[in-house]
> 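Supplied in structure tokens, the structure appears directly below.
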Amino acid sequence: MLLQARVPNLVASSAVTQTLARSSVGAGLQKRHASDVTVRNQNAQPVVRLGLTGRSSVSGHVATVFGATGFLGRYLVNRLGKKGTKVVVPYRCHEDEKRHLKLMGDLGQIVFMDYDVRNYDQIVDSVKHSDIVYNFIGRNYPTKNFSFQGVHVDAARNIARACQEAGVPRLVHLSALGAQEGSPSQFLHTKALGEAAVRQMYPEATIVRPGTLIGFESALLNRIGTFRKALFTTNHNQQIMRPVDVADVALALDVMMSEEYTLGQTYELYGAKPYTYQDILNVCSNLFREKVTTINVPKPLIKAVTTAMQYWIYPMLSPDEVERMFIDQVPSQDPHVKTFADLGIEPRNFELTVLPYIRHYRKPAYHEVPLEPKGTRTFGKHHTY
Ligand SMILES: NC(=O)c1ccc[n+]([C@@H]2O[C@H](COP(=O)([O-])OP(=O)(O)OC[C@H]3O[C@@H](n4cnc5c(N)ncnc54)[C@H](OP(=O)(O)O)[C@@H]3O)[C@@H](O)[C@H]2O)c1
């Protein structure tokens with residue numbers, strides 16, 4: 001009775017009181033507070049927190065993260081593990097490629113499940129104990145085993161269907177900024193189809209469209225750093241991009257776990273300022289203290305070369321990525337689409353946060369040199385920032 005009086009909207013079920021009683025025993029002498037219990041609106045299940053916050057506490061949430069072995073996945077799993085959330089990680093890779101995730105939670109908090117995304121029963125097994133599911137599965141290029149359709153549409157639909165049938169109260173699906181059915185890029189076209197498939201199966205899903213992710217593992221920055229002596233580019237580096245720090249996106253995804261107002265919404269998460277690809281090269285040149293040399297290749301030629309190479313060797317640049325280099329990353333004009341501001345997050349400024357991610361490409365003599373004030377270093381009139 002006391003608990004019901006202190007927690008507004010708390011479902012007066014015996015399940016809540018029983019769960020609290022059980023958790024109090026598990027917590028030893030820890031004092032219980034009404035704020036330790038939240039109830040998911042969708043399935044009225046209580047989520048009970050145990051312990052102080054931190055990796056050795058228990059948030060009571062169970063999250064499944066598909067695609068956790070990728071770039072963004074590790075940042076979210078770390079955030080969830082840090083708060084004591086149990087994370088189910090379905091994986092298909094070699095044992096060694098996912099072991100870094102094991103250390104992100106306390107003993108038993110990161111649970112790995114071997115699966116194949118085409119196997120519906122394995123997807124159901126991965127989601128049925130969770131109160132939130134994140135789908136980060138995506139690929140920049142088709143492979144021998146998976147087309148864009150298979151990864152971005154069929155897999156997304158199966159995960160959404162499994163969540164609906166298993167009664168999972170929250171689903172967060174990752175799409176991409178610029179996802180449009182009419183896009184000449186197959187990546188962006190299938191991302192749009194994937195969004196529609198997810199909405200059809202699970203109308204309350206939260207859809208997230210990030211700009212290009214920036215961080216230590218960023219393909220964009222690592223390609224620039226690795227090939228800074230001779231970087232093949234196209235479109236005269238005029239594509240407009242909205243780079244966004246991966247840590248900001250992980251924070252937003254973490255906020256979505258507890259904030260029910262994000263249900264059924266679409267979020268476009270992009271950085272504070274637009275940059276052309278040339279602007280990004282200039283920022284990198286200044287920070288490397290070495291000019292990045294680019295060689296502009298006409299579109300038909302670079303597409304022919306990347307098409308010939310894509311199934312032959314690991315594609316450093318796929319033909320679809322070439323197509324995307326001619327498509328500006330422009331936020332949607334739809335007034336219903338939300339942004340970082342709606343989550344109360346101020347995205348970081350690319351120029352001010354990028355140095356740690358690319359410092360290792362500097363010559364050793366400059367390694368420790370800090371970020372310089374804007375415009376103090378130039379490489380000709382087009383290379384200031
Ligand atoms: N990175 C960006 O700049 C960016 C920009 C816009 C949107 N996005 C989207 O955001 C999401 C996360 O991005 P990310 O950079 O973290 O991607 P990522 O590093 O490429 O990771 C993709 C994840 O998807 C998994 N995956 C791919 N194909 C799969 C398949 N056929 N079966 C099972 N798993 C598969 C990968 O598993 P394996 O490790 O086993 O391959 C990996 O865990 C993706 O949906 C991506 O399209 C990313």
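None of these values were measured; they are calculated from a predicted model. Read the numbers this way: they start at 1 and go in the same order the structure lists the ligands and their atoms.
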> Tell me which part of Y141 gets within contact of ligand 1: side chain, backbone, both or neither, using heavy atoms under 4.0 Å.
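Near ligand 1, Y141 shows nothing, with every heavy atom at 4.0 Å or more.
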> What's the shortest distance from atom 27 (C) of ligand 1 to any protein heavy atom, and which residue and atom give it?
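Answer, as residue, atom name and distance: G138 O, 3.4 Å.
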> Evaluate I137 for polar contact with ligand 1, using N/O atom pairs at a separation under 3.5 Å.
yes
> For atom 46 (C) of ligand 1, tell me which residue out of K191, R209, R139, M241 has the closest non-hydrogen atom.
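It is K191 whose heavy atom sits nearest to atom 46 (C) of ligand 1.
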> Starting from atom 30 (C) of ligand 1, which protein heavy atom do you reach first, and at what distance in Å?
R92 NH1, 3.4 Å
> Where does F187 meet ligand 1, judged by heavy-atom distances below 4.0 Å: at the side chain, the backbone, both, or neither?
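The part of F187 near ligand 1 is the side chain, not the backbone.
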> So is P210 polar-close to ligand 1, meaning N/O to N/O under 3.5 Å?
no
> Out of curiosity, T262 OG1 to E259 CD, how far, rounded to the nearest 0.5 Å?
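T262 atom OG1 to E259 atom CD measures 7.5 Å (nearest 0.5 Å).
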> Considering F146, F66, Y91, Y115, which one's heavy-atom position lies nearest to atom 33 (C) of ligand 1?
Y115
> For ligand 1, which atoms sit closer than 4.0 Å to a heavy atom of G211?
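Checking each atom against G211, I get 5 (C), 6 (C).
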> Is the distance between the ring centroids of F66 and F136 under 6.0 Å?
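Centroid distance F136-F66: not below 6.0 Å, so no.
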> Return the closest protein heavy atom for atom 21 (O) of ligand 1 as residue, atom name and distance.
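Of the protein heavy atoms, G70 CA, 3.3 Å lies nearest.
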> Just heavy atoms, cut-off under 4.0 Å: does S175 contact ligand 1 by side chain, backbone, both, or neither?
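Backbone only.
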> Are Y141 and Q186 close enough that a side-chain donor and a side-chain acceptor fall under 3.5 Å?
no
> If you draw a 6.0 Å radius around NE2 in H100, do more than 12 non-hydrogen atoms from other residues or ligands fall strictly inside?
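Buried by this count: over 12 neighbours within 6.0 Å.
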> Does any N or O of ligand 1 fall below 3.5 Å from an N or O anywhere on G67, backbone included?
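Yes, G67 has an N/O under 3.5 Å of an N/O on ligand 1.
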> Answer with yes or no whether the side chains of S318 and E321 bring together a donor and an acceptor at under 3.5 Å.
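Yes, because at least one side-chain N or O of E321 sits under 3.5 Å from a partner of the opposite role on S318.
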> Please indicate whether any nitrogen or oxygen in V117 is less than 3.5 Å from any nitrogen or oxygen in ligand 1.
no
> List ligand 1 atoms under 4.0 Å from T69, heavy atoms only on the residue side.
37 (O), 38 (P), 39 (O), 40 (O), 42 (C), 43 (O)
> Taking atom types as modelled, find out whether N222 and Y361 have a side-chain donor-acceptor pair closer than 3.5 angstrom.
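Per modelled atom types, N222 and Y361 side chains form a pair under 3.5 Å.
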> When you look for heavy atoms under 4.0 Å from ligand 1, do you find them on the side chain of F71, its backbone, both, or neither?
both
> Do E204 and R170 sit within salt-bridge range, that is, some charged N less than 4.0 Å from a carboxylate O?
no
> Side chains of Y275 and E351: is there a donor and an acceptor less than 3.5 Å apart?
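Yes, a side-chain donor-acceptor pair sits under 3.5 Å.
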> Nearest protein heavy-atom contact for atom 10 (O) of ligand 1: which residue, which atom, what distance?
L174 CD1, 3.7 Å
> For ligand 1, which atoms have a heavy atom of A176 less than 4.0 angstrom away?
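The atoms of ligand 1 under 4.0 Å from a heavy atom of A176 are 6 (C), 7 (C).
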> Which part of E217 is near ligand 1, with near meaning a heavy atom under 4.0 Å away: side chain, backbone, both or neither?
neither
> Any idea which heavy atoms bring T233 and Y277 closest together, and the distance?
CG2-CE2, 3.6 Å
> Which protein non-hydrogen atom lies closest to atom 1 (N) of ligand 1, naming both residue and atom, and how far is it?
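Sorting protein heavy atoms by distance from atom 1 (N) of ligand 1 puts L213 CD1, 3.5 Å first.
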> Given side chains that start at C-beta, do those of T276 and D279 come closer than 4.5 Å, heavy atoms only?
yes
> Do the non-hydrogen side-chain atoms of E268 and S332 ever get within less than 4.5 Å of each other?
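Yes, close enough: below the 4.5 Å cut-off.
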> Distance to 0.1 Å, residue and atom name: give those for the protein heavy atom nearest to atom 16 (O) of ligand 1.
L72 N, 2.8 Å
> Going by distance only, is there an N or O of V151 that falls short of 3.5 Å from an N or O of ligand 1?
no
> Could you verify whether a donor N or O on one side chain and an acceptor N or O on the other, from R118 and N158, lie under 3.5 Å apart?
no
> If the test is side-chain contact (heavy atoms from CB on, under 4.5 Å), which one of H173, R157, R161 qualifies with V198?
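Per the side-chain contact (heavy atoms from CB on, under 4.5 Å) rule, the option paired with V198 is H173, out of H173, R157, R161.
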> Among Y134, Y270, F136, which residue places a heavy atom closest to atom 44 (C) of ligand 1?
F136
